[in-house]
Asker: 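I'd like to ask you about the structure that follows.
As a basis for the values below, the full set of heavy atoms in this structure was taken, side chains included, without hydrogen atoms, waters or symmetry mates.
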Amino acid sequence: MRLTLPTDLDLTELTKHRDTGSASIYLPSTPITRDVDAVQIALKNAASEVETQLRGLGIHKKQVDDVAKSLDGLQSDREFWGFQGHSLAIFVAPGVVHAFRLANSLQPLVAVGDRFDVGPLLRSVTFSNSGYVLSVAEGRTRLLELSADARPIELELDLPDEAEGVLDDPKYQGRFDRHRADGTTGDRIERERFCRLVQEAVLPHVAESTLPMILAASADLEPAYRAVNTYRGLLDQGIRANPEAFSTDDLNTRARVILDAHYASKLADWRERFGTLRSNGLATSQLSEVARAATASGVAELLFDMDSTLEGSIDDSGVVREVSEPDAENYGMVDEIASRVLRSGGTVKAVRAGDLPDDTPVAATLRYPM
């Protein structure tokens, strides 16, 4: 699987975008190459729906044709379709096209209007419950991609032929044998050499990712791999046992426990910091206060309920107006607050309602007292 995740700058640009001929497309996808044809067909159908909806809004024919041409170009991009994640998020307007390959399985959605619908994208890039398990063993090395909504997928590692013999004891001492370092230090050097070869095969799969990786390795290979590792997402906690004894499902089960603990720890740390800052007037969970602070560029970090369906509008001074039913002039208010935080350089994270400190859909730390 190859992910193309939005950066904070990407998210900011998407939330700033305004054009009456804008379309947002979300599609379930698959990292299994042989099954990608179905995703391409789904995109073709979505593109037709976008054209129909844009014409229904009275968008000029040239603008509609420009959007259609951009989507056609994406459908014929062989490099793009060579690697996929579990979902696609595509944002297109006249002269603009952005496509992201995501780890989460998102529901299909086609939306047109004067802005991009970034809500599902925001929800997919934080605390995704996805990651990798790297199982390093002399007999078999595996890289598993974990997602929140499917069984693990084993990614093919292109290990060089020399990796197979790096850890073998030489059987002969002739001049044609590969020289192997001797003694305890020599063993360490050989193990690290093997782990470097493994990492060189792993990095192409995770180069564009920031997802956590869990190392499963025996007692001798674990420190060797950590000594050479350059992937920033490698967690300190690993599966410390000989991974050859575990099936894919076994590794998945053990990795899930570690992932859950990792995310829970990060959330617990944030809630503790939130409580300290709130006592000093530098945090709030009141929707109206968070909306005003976001509008005034006063939010440093926002956590919001990924399942919130609160509809309404927020004016230019940050005043909230809730509605019971959505219409053309209203929108998801939590998404709008998150967008305003991003545009002011703040950080946003989508979480479950139970992860928030209070019974409200938002919680924010502030740059200054309100």
Side-chain angles (χ1 to χ4, degrees), residues 4 6-27 42-77 80 87-102 106-125 291 294-295 297 304 308-345 348:
T4 310
T7 64
D8 288 346
L9 179 60
D10 291 329
L11 292 170
T12 300
E13 291 179 351
L14 289 171
T15 62
K16 286 181 177 178
H17 172 85
R18 294 292 184 271
D19 190 307
T20 54
S22 303
S24 307
I25 299 173
Y26 292 91
L27 293 173
L43 177 57
K44 185 175 182 180
N45 294 335
S48 297
E49 185 176 345
V50 165
E51 289 187 58
T52 300
Q53 291 192 29
L54 289 176
R55 290 194 183 98
L57 291 175
I59 304 301
H60 193 279
K61 182 179 183 300
K62 184 179 183 303
Q63 292 179 297
V64 177
D65 290 344
D66 189 36
V67 168
K69 183 178 180 181
S70 294
L71 290 173
D72 285 342
L74 188 61
Q75 290 182 57
S76 61
D77 187 338
F80 176 77
S87 293
L88 280 175
I90 300 167
F91 305 94
V92 60
V96 177
V97 60
H98 301 279
F100 302 100
R101 295 171 284 200
L102 308 173
L106 300 180
Q107 293 298 313
L109 172 68
V110 174
V112 300
D114 69 342
R115 66 190 70 191
F116 293 136
D117 186 349
V118 299
L121 182 64
L122 290 174
R123 289 158 170 74
S124 71
V125 296
T295 304
S297 303
F304 67 96
S308 173
T309 57
L310 195 62
E311 295 281 336
S313 63
I314 305 172
D315 68 17
D316 291 341
S317 61
V319 175
V320 170
R321 182 178 68 87
E322 294 186 35
V323 297
S324 57
E325 295 291 337
D327 57 41
E329 296 181 355
N330 296 288
Y331 39 77
M333 287 198 294
V334 169
D335 292 344
E336 176 60 22
I337 290 172
S339 297
R340 295 186 186 196
V341 172
L342 283 170
R343 290 197 292 271
S344 65
V348 302

Asker: A47 and Q75: which non-hydrogen atoms are nearest, and at how many Å?
Answerer: CB-NE2, 4.1 Å
Asker: So which heavy atom on A291 is nearest to which on G318, and how close?
Answerer: CB-O, 3.5 Å
Asker: Measure the CD-CG distance between E13 and L342 for me, rounded to the nearest 0.5 Å.
Answerer: 11.5 Å
Asker: Once rounded to the nearest 0.5 Å, what's the spacing between atom OG of S339 and atom CG of L14?
Answerer: 9.5 Å
Asker: Partners of E51 by salt bridge (charged side-chain N to carboxylate O under 4.0 Å, His left out), sequence neighbours excluded?
Answerer: R55
Asker: On a heavy-atom basis, which atom in E311 and which in G332 lie closest, and how many Å separate them?
Answerer: OE1-N, 3.6 Å
Asker: How many angstroms lie between atom CD of Q53 and atom CG of L57, to the nearest 0.5 angstrom?
Answerer: 7.5 Å
Asker: Please name all residues satisfying side-chain hydrogen bond (donor to acceptor under 3.5 Å, both in side chains) with D19, sequence neighbours left out, ordered by chain then number.
Answerer: none
Asker: Quick check: do R101 and L88 have side-chain heavy atoms less than 4.5 Å from each other?
Answerer: yes
Asker: Listed by chain and number, what are the side chain to side chain contact (heavy atoms under 4.5 Å, CB included) partners of T295, not counting sequence neighbours?
Answerer: I314, R340
Asker: Could you pull out all residues at least two apart from N45 that satisfy side chain to side chain contact (heavy atoms under 4.5 Å, CB included)?
Answerer: I41
Asker: Is there side-chain contact between I59 and V67, with heavy atoms separated by less than 4.5 Å?
Answerer: no
Asker: Tell me which donor-acceptor pairs under 3.5 Å the side chains of residues 106-118 have, and how far apart each pair is, sequence neighbours excluded?
Answerer:
unit_1: D117; atom_1: OD1; unit_2: G119; atom_2: N; d: 3.3

Asker: Would you say that V50 contacts I25 through its side chain, given a criterion of any heavy-atom pair below 4.5 Å between the two side chains?
Answerer: yes
Asker: Which heavy atom of L122 sits nearest a heavy atom of A338, and at what distance?
Answerer: CD1-CB, 3.8 Å
Asker: In Å, rounded to the nearest 0.5 Å, how long is the span from NZ of K44 to CG of L74?
Answerer: 14.5 Å
Asker: Applying side-chain hydrogen bond (donor to acceptor under 3.5 Å, both in side chains), can you list everything that pairs with H17, at least two apart in sequence or on another chain?
Answerer: S22
Asker: D77: what forms a salt bridge (charged side-chain N to carboxylate O under 4.0 Å, His left out) with it, not counting sequence neighbours?
Answerer: none
Asker: List for me each residue that meets salt bridge (charged side-chain N to carboxylate O under 4.0 Å, His left out) alongside K62, sequence neighbours excluded, and say none if there are none.
Answerer: none
Asker: What residues form a side-chain hydrogen bond (donor to acceptor under 3.5 Å, both in side chains) with S76, not counting sequence neighbours?
Answerer: none
Asker: Who passes side-chain hydrogen bond (donor to acceptor under 3.5 Å, both in side chains) against E322, sequence neighbours left out?
Answerer: none
Asker: Among all residues two or more places apart in sequence or in another chain, which pass the side chain to side chain contact (heavy atoms under 4.5 Å, CB included) test with K16?
Answerer: T12, R343
Asker: Under 3.5 Å, side chain of D66 to main-chain N/O of G95, donor-acceptor pair present?
Answerer: yes
Asker: Would you please name every residue forming a side chain to side chain contact (heavy atoms under 4.5 Å, CB included) with D316, sequence neighbours left out?
Answerer: none
Asker: Given side-chain contact (heavy atoms from CB on, under 4.5 Å), test F91 with L121 step by step and report yes or no.
Answerer: CA-CA 11 Å; F91 305 94; L121 182 64; 3.7 Å; yes
Asker: Should L71 and V92 count as side-chain neighbours, where that means a heavy-atom distance under 4.5 Å?
Answerer: yes
Asker: To the nearest 0.5 Å, what is the distance between OG on S70 and NE2 on H98?
Answerer: 10.5 Å
Asker: Any chance you could lay out the ring-ring contact (aromatic ring centres under 6.0 Å, His included) test for Y26 and F100, step after step, and finish with the verdict?
Answerer: CA-CA 10 Å; Y26 292 91; F100 302 100; 9.8 Å; no
